[in-house]
Amino acid sequence: MDFGLTEEQRLIVDTTRAFVENELYPHEAEVERTGHLRRELIEEIQAKAIEAGLYAANMPAEVGGAGLDTVSWLLYEKELGRANYALHWTCVARPSNILLAGTDEQKEKYLYPCIRGETWDCLAMTEPGAGSDLRGMKATAMQDGDDFVLNGTKHFISHADIADFAIVFMASGEEDTPRGKRKKITAFFVDKGTPGFTVRDGYRNVSHRGYTNAILEFDNCRLPKSQVLGEVHKGFEVANSWLGATRLQVASTCLGRAERALGHAIEYAASREQFGQQIGKFQGVSFKLADMATELKAAELLTREAAWKYDQGTVTDQDMAMAKLKATEVLAFIADEAIQIHGGMGLMDDLPLERIWRDARVERIWEGTSEIQRHIISRALLRAVGG
Ligand SMILES: Cc1cc2nc3c(=O)[nH]c(=O)nc-3n(C[C@H](O)[C@H](O)[C@H](O)COP(=O)(O)OP(=O)(O)OC[C@H]3O[C@@H](n4cnc5c(N)ncnc54)[C@H](O)[C@@H]3O)c2cc1C
């Protein structure tokens with residue numbers, strides 16, 4: 001594994017960072033203050049992102065994306081992650097990779113418009129009674145002739161307000177396994193406006209102002225079989241094949257924000273004076289900086305290695321769990337210490353630190369909680385010795 005960046009990767013980092021600093025940072029204060037991302041603002045930034053070749057750059061070149069390898073894609077994610085989440089997710093969207101699993105017709109209808117910036121997607125698995133334990137989902141899709149009829153509720157669904165359609169996972173049957181009965185899951189495309197499908201406002205959330213989550217209700221929502229994504233009863237297989245690296249995406253965006261917070265802390269430690277000297281000269285402050293930088297590097301190396309292994313086809317669930325766990329926890333640590341180094345000013349919204357600190361909180365919960373990542377890691381360790 002080569003730790004240096006290629007010329008192309010350097011260019012990706014520089015271009016994305018310049019875009020983030022020039023086009024996203026100036027709007028952060030408005031989004032934070034209003035808690036809302038204006039449609040005109042979305043369209044303005046989106047047009048610039050498309051022009052700069054940064055929009056949907058996660059996608060393969062043959063469908064109109066940038067065709068990046070995983071290491072390069074995650075470098076781009078890290079730079080986007082520096083900014084307010086609502087701004088970068090909506091205005092420089094990265095459509096879900098799972099759209100690549102669709103049939104040719106489904107790609108025409110769902111994938112390409114997302115890549116062109118005409119539509120947005122959202123993904124719905126979680127339910128009020130089924131979070132970490134997704135197999136425990138209660139929402140159902142029952143086959144009726146050639147159709148499926150969907151009933152039940154999904155919640156915490158990110159971006160469902162702006163999305164034009166949802167990729168929804170439903171329990172479609174049961175099977176016997178050596179460990180008892182297990183639900184079979186099927187994934188569907190559900191268009192907004194389909195009778196029986198309602199999107200309701202979700203909960204107010206401490207992290208990521210300007211971004212929303214929603215509640216999806218299905219009440220005898222009838223879909224033709226052509227709306228199935230992948231194979232019937234193979235929803236988790238399609239998710240596992242196409243959503244594997246999403247945890248690395250979360251890790252990378254966290255690294256970007258952690259680096260931004262650390263940058264503020266270093267500058268402040270070198271300029272703020274108390275007791276007649278720079279506070280960075282006090283070991284109580286300088287050792288914090290050393291620990292922050294060391295932890296950040298450890299998280300970055302774990303993420304980079306997992307990305308590299310992803311491209312080699314050798315990545316394990318454990319590798320990706322370690323990267324997600326470390327990067328999200330390091331972001332929380334760095335955000336907190338950066339505030340401490342700034343004293344009272346760290347808590348004021350003149351600086352992005354209080355926001356980075358709030359935003360960090362959700363990262364240890366979504367895409368699999370820290371406990372679930374630890375479970376994945378420890379299970380791999382124990383299984384290796386017959387545990
Ligand atoms: C803001 C936000 C946006 C989200 N967006 C989406 C989305 O777009 N689509 C979607 O489908 N989902 C989404 N989610 C759901 C998210 O993935 C879940 O919140 C997460 O998986 C945890 O589920 P839960 O909240 O129900 O917690 P629970 O699963 O109920 O967990 C509660 C606690 O128990 C612990 N726990 C559970 N099982 C174990 C175990 N086996 N071992 C040890 N500890 C355990 C957890 O770690 C946690 O601390 C979102 C969540 C949030 C907060």
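Counting starts at 1 for both ligands and their atoms, in listed order.
- Within the listing of ligand 1, atoms 7 (C), 8 (O), 9 (N), 10 (C), 11 (O) sit less than 4.0 angstrom from a heavy atom of I157.
- Numbered from 1 in the order shown, with element, the atoms of ligand 1 that lie under 4.0 Å from a heavy atom of S158 read 3 (C), 4 (C), 5 (N), 6 (C), 7 (C), 8 (O).
- Each of the following atoms of ligand 1 lies closer than 4.0 Å to a heavy atom of E371: 43 (C), 44 (N), 46 (C), 47 (O), 49 (O).
- Between the side chains of T153 and E217, at least one donor N or O lies within less than 3.5 Å of an accepting N or O.
- Heavy atoms of D133 found under 4.0 angstrom from ligand 1: none, in either backbone or side chain.
- Not a single protein heavy atom sits closer than 4.0 Å to atom 30 (O) of ligand 1.
- For atom 36 (N) of ligand 1, the choice among A130, S132, S96 with the nearest heavy atom turns out to be S132.
- Under the 30°/60° scheme for interplanar angles, the aromatic rings of Y85 and Y211 are found to stand perpendicular.
- Note: no N/O pair closer than 3.5 Å links W366 and ligand 1 by distance alone.
- Remark: the backbone N or O of T90 is paired with a side-chain donor or acceptor of W120 at under 3.5 angstrom.
- Inside a 4.0 Å radius of atom 34 (O) of ligand 1 there is not any protein heavy atom.
- How far OG of S207 is from CZ of R355: 11.0 Å, rounded to the nearest 0.5 Å.
- Remark: of the listed residues L68, L54, T6, L68 is the sole one forming a side-chain contact (heavy atoms from CB on, under 4.5 Å) with I12.
- When each atom of ligand 1 is checked for a heavy atom of M125 under 4.0 Å away, the hits are 10 (C), 11 (O).
- Dense packing is recorded around OH of Y203, with more than 12 heavy atoms of other residues, nucleotides or ligands lying under 6.0 Å away.
- Under the 4.0 angstrom criterion for non-hydrogen atoms, Y211 is in contact with ligand 1.
- Annotation: E127 places no N or O atom under 3.5 Å from an N or O atom of ligand 1; distance criterion only.
- Checking only distances, T126 does come within under 3.5 Å of ligand 1, N or O to N or O.
- Taking the ring axis of Y25 as reference, the NZ or CZ atom of R260 stays within 45° of it and closer than 6.0 Å to the ring centre.
- For ligand 1, the polar-atom distance check against V362 finds no nitrogen or oxygen pair separated by under 3.5 Å.
- With respect to the salt-bridge test (charged N to carboxylate O, under 4.0 angstrom), the residues K326 and E295 qualify.
- At least one N or O atom of L123 sits closer than 3.5 Å to an N or O atom of ligand 1.
- Checked for salt-bridge contact, D146 and K225 miss the test: no charged N lies under 4.0 Å from a carboxylate O.
- Atom CD in Q106 sits 3.5 Å away from atom OG1 in T103 (nearest 0.5 Å).
- Atoms of ligand 1 lying under 4.0 Å from at least one heavy atom of N205, given by number and element, are 1 (C).
- Taking all heavy atoms of F156, Y203, F169 into account, the minimum distance to atom 5 (N) of ligand 1 is reached by F156.
- If you look at H375 next to ligand 1, there are no close heavy atoms at all, none under 4.0 Å.
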